Protein chains: 2
Amino acid sequence: MKQNSNVPAFLSKLWTLVEDSDTNEFITWSQNGQSFLVLDEQRFAKEILPKYFKHNNMASFVRQLNMYGFRKVVHIDSGIVKQERDGPVEFQHPFFVQGQDELLENIKRKVSSTRPEEGKVCQEDISTILSNAAKVQVQQETIDLRLFTLKRDNEALWREISDLRNKHVQQQQVIRKIVQFIVTLVQKNRLVSLKRKQPLLLNTNNSPKSTRLQTMVKETVEDNHH
Amino acid sequence: MKQNSNVPAFLSKLWTLVEDSDTNEFITWSQNGQSFLVLDEQRFAKEILPKYFKHNNMASFVRQLNMYGFRKVVHIDSGIVKQERDGPVEFQHPFFVQGQDELLENIKRKVSSTRPEEGKVCQEDISTILSNAAKVQVQQETIDLRLFTLKRDNEALWREISDLRNKHVQQQQVIRKIVQFIVTLVQKNRLVSLKRKQPLLLNTNNSPKSTRLQTMVKETVEDNHH
DNA sequence: GGTTCTAGAACC
DNA sequence: GGTTCTAGAACC
């Protein structure tokens, strides 16, 4: 086996262990070389493991295997009673194949979740989301209330406008009638007025605001002449 | 031990196993009776376990212990080298105490998570939450837009009202001046009018709307007399 | 990255 | 509820 520095210590040791013919009675390649067998789990754990690792527990060994993506090969036992209960333990990995050590570097250890993962949803995130949702809800209620108030104001404004427009029209009519009355009056008194040389002033002070009335009267008079 | 049917099979068997003096060389109470010891893990697993359970794996036994809330008692080894590596395995549970079998019924198996747990946050929940948040956001924008429109309408309405009020005031002034003019006119022509026996009608048709003008004129005339 | 204890999940 | 395989998490 090439001393490939890209391959983690565990995989190097495992490869050596499986290859080594001295340990074949405990751990060795399976028939087809696609997996390896642990033949005597108990002695393997207590006698072999500590020579390569810092422990003598099968569980720790299996944990590492799973960490590197190895899967246990389960034996169906052909449906009959489970004879040979303490049969060999078998593990397999697509890139752990007899005679193909160049595949080893493709075996990756699963990422440790020491830091809280980015993609993971923790309770804190949920709390934040729910808190924000509550805030949005409160905000929503405030807006709804304001919307309702505005709408009501709007309706009141429309009513007032309608009222003012009506008043405006009524005043317009009043003014028109007054003007007609004046016109009638003026026409009847024209001769008299002309004799008295009295100018047709409609207000005592000659402010610009009087112009409008004068114009109206004039227009009405002229209209009547048409 | 009372045959308490409330106690799960595992706990009954474990209690029996620890109590039984025949198995004391494999599993027994610790000194203070607050925990139990497995003295020879390998022989215990292969020789004792299958007599009580449907397996001979220490791992399965430990899994059950954890499932029922037992905790391993870890030995500090006083900081010195870990001698006695294969020392006894020790497990403890607050309600698993020598001589107090009545406490056993307080030990509860942790709920199996076969069904997706209620209290658990799954990816689906997150998706739902985010989806709803997006909807709320869209809704919020709609409301904001409507609020903006309403506000603008409101301002326009206020402007129109202000405008109409001004017009109203102006018309009011116009009317007042017209009335004053008429009053002046009427006062000057009073003698003439009286001689002619002409009634003071301000409009050709005698509709109710004319009442207002008549009243105004009358009031103004009376005001001028004060 | 390695070791240990505990838990999740699937299957029985 | 029990058994098995795999994974999480803490600690080294």
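Keep in mind it's a predicted model, so treat the numbers as computed, not measured.
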Could you list the residues that satisfy side chain to side chain donor-acceptor pair (under 3.5 Å) with B:Q92, not counting sequence neighbours?
-> none
Value in whole Å for how far the P atom of D:dG1 lies from CG of B:L11 | 11 Å
Would you list the atom pairs, donor with acceptor, under 3.5 Å between side chains in residues 140-164 of chain A and any protein atom, with sequence neighbours excluded?
from	atom 1	to	atom 2	distance (Å)
A:T142	OG1	A:V138	O	3.1
A:T149	OG1	A:L145	O	2.9
A:E160	OE2	B:R165	NE	3.3
A:E160	OE2	B:R165	NH2	2.2

Can you name the ring pair (Phe, Tyr, Trp, His ring centres under 6.0 Å) partners of B:F91, sequence neighbours left out?
-> none
Which pairs would a plain distance check flag for residues 20-39 of chain A, meaning a side-chain donor or acceptor within less than 3.5 Å of a matching protein atom at least two apart in sequence or in another chain?
from	atom 1	to	atom 2	distance (Å)
A:D20	OD1	A:D22	N	2.9
A:T23	OG1	A:L17	O	2.8
A:T23	OG1	A:D20	O	3.1
A:N24	OD1	A:T28	OG1	3.4
A:W29	NE1	A:E19	OE2	2.6
A:S30	OG	A:N32	OD1	3.1
A:S30	OG	A:S35	N	3.3
A:S30	OG	A:S35	O	3.1
A:S30	OG	A:S35	OG	2.8
A:N32	OD1	A:Q34	N	2.8
A:S35	OG	A:E90	OE2	2.5

Rounded to the Å, how far apart are B:K110 NZ and C:dC5 P?
-> 15 Å
For the pair made of NE2 in A:H93 and P in D:dT6, what is the distance, rounded to whole Å?
-> 12 Å
Here the distance between atom P of C:dG1 and atom NZ of A:K54, to the nearest Å, is 13 Å
Return the value, rounded to whole Å, for the distance between atom CG of A:L14 and atom P of C:dT3.
-> 12 Å
Applying ring-ring contact (aromatic ring centres under 6.0 Å, His included), run through A:F44 and A:F61 and close with a yes or a no.
-> CA-CA 11 Å; A:F44 171 74; A:F61 181 64; 5.3 Å; yes
Roughly, in whole Å, what's the span from NE2 in A:H75 to C1' in D:dT4?
-> 14 Å
Scan residues 57-72 of chain A against DNA chain D and write down, sorted by residue number, each residue with any heavy atom closer than 4.0 Å; if none is found, say none.
-> A:R63, A:N66, A:R71, A:K72
Write out all pairs satisfying salt bridge (charged side-chain N to carboxylate O under 4.0 Å, His left out) with one or both partners inside residues 30-43 of chain A, taking only residues at least two apart or from two chains.
-> A:R43-A:E47
Among D:dG2, C:dG2, C:dC5, the nucleotide that comes nearest once only the side chain of B:V74 is considered | C:dC5
How many Å lie between OH on A:Y52 and P on C:dG2, as a whole number?
-> 16 Å
Tell me: CZ of B:R109 to P of C:dT6, nearest whole Å?
-> 16 Å
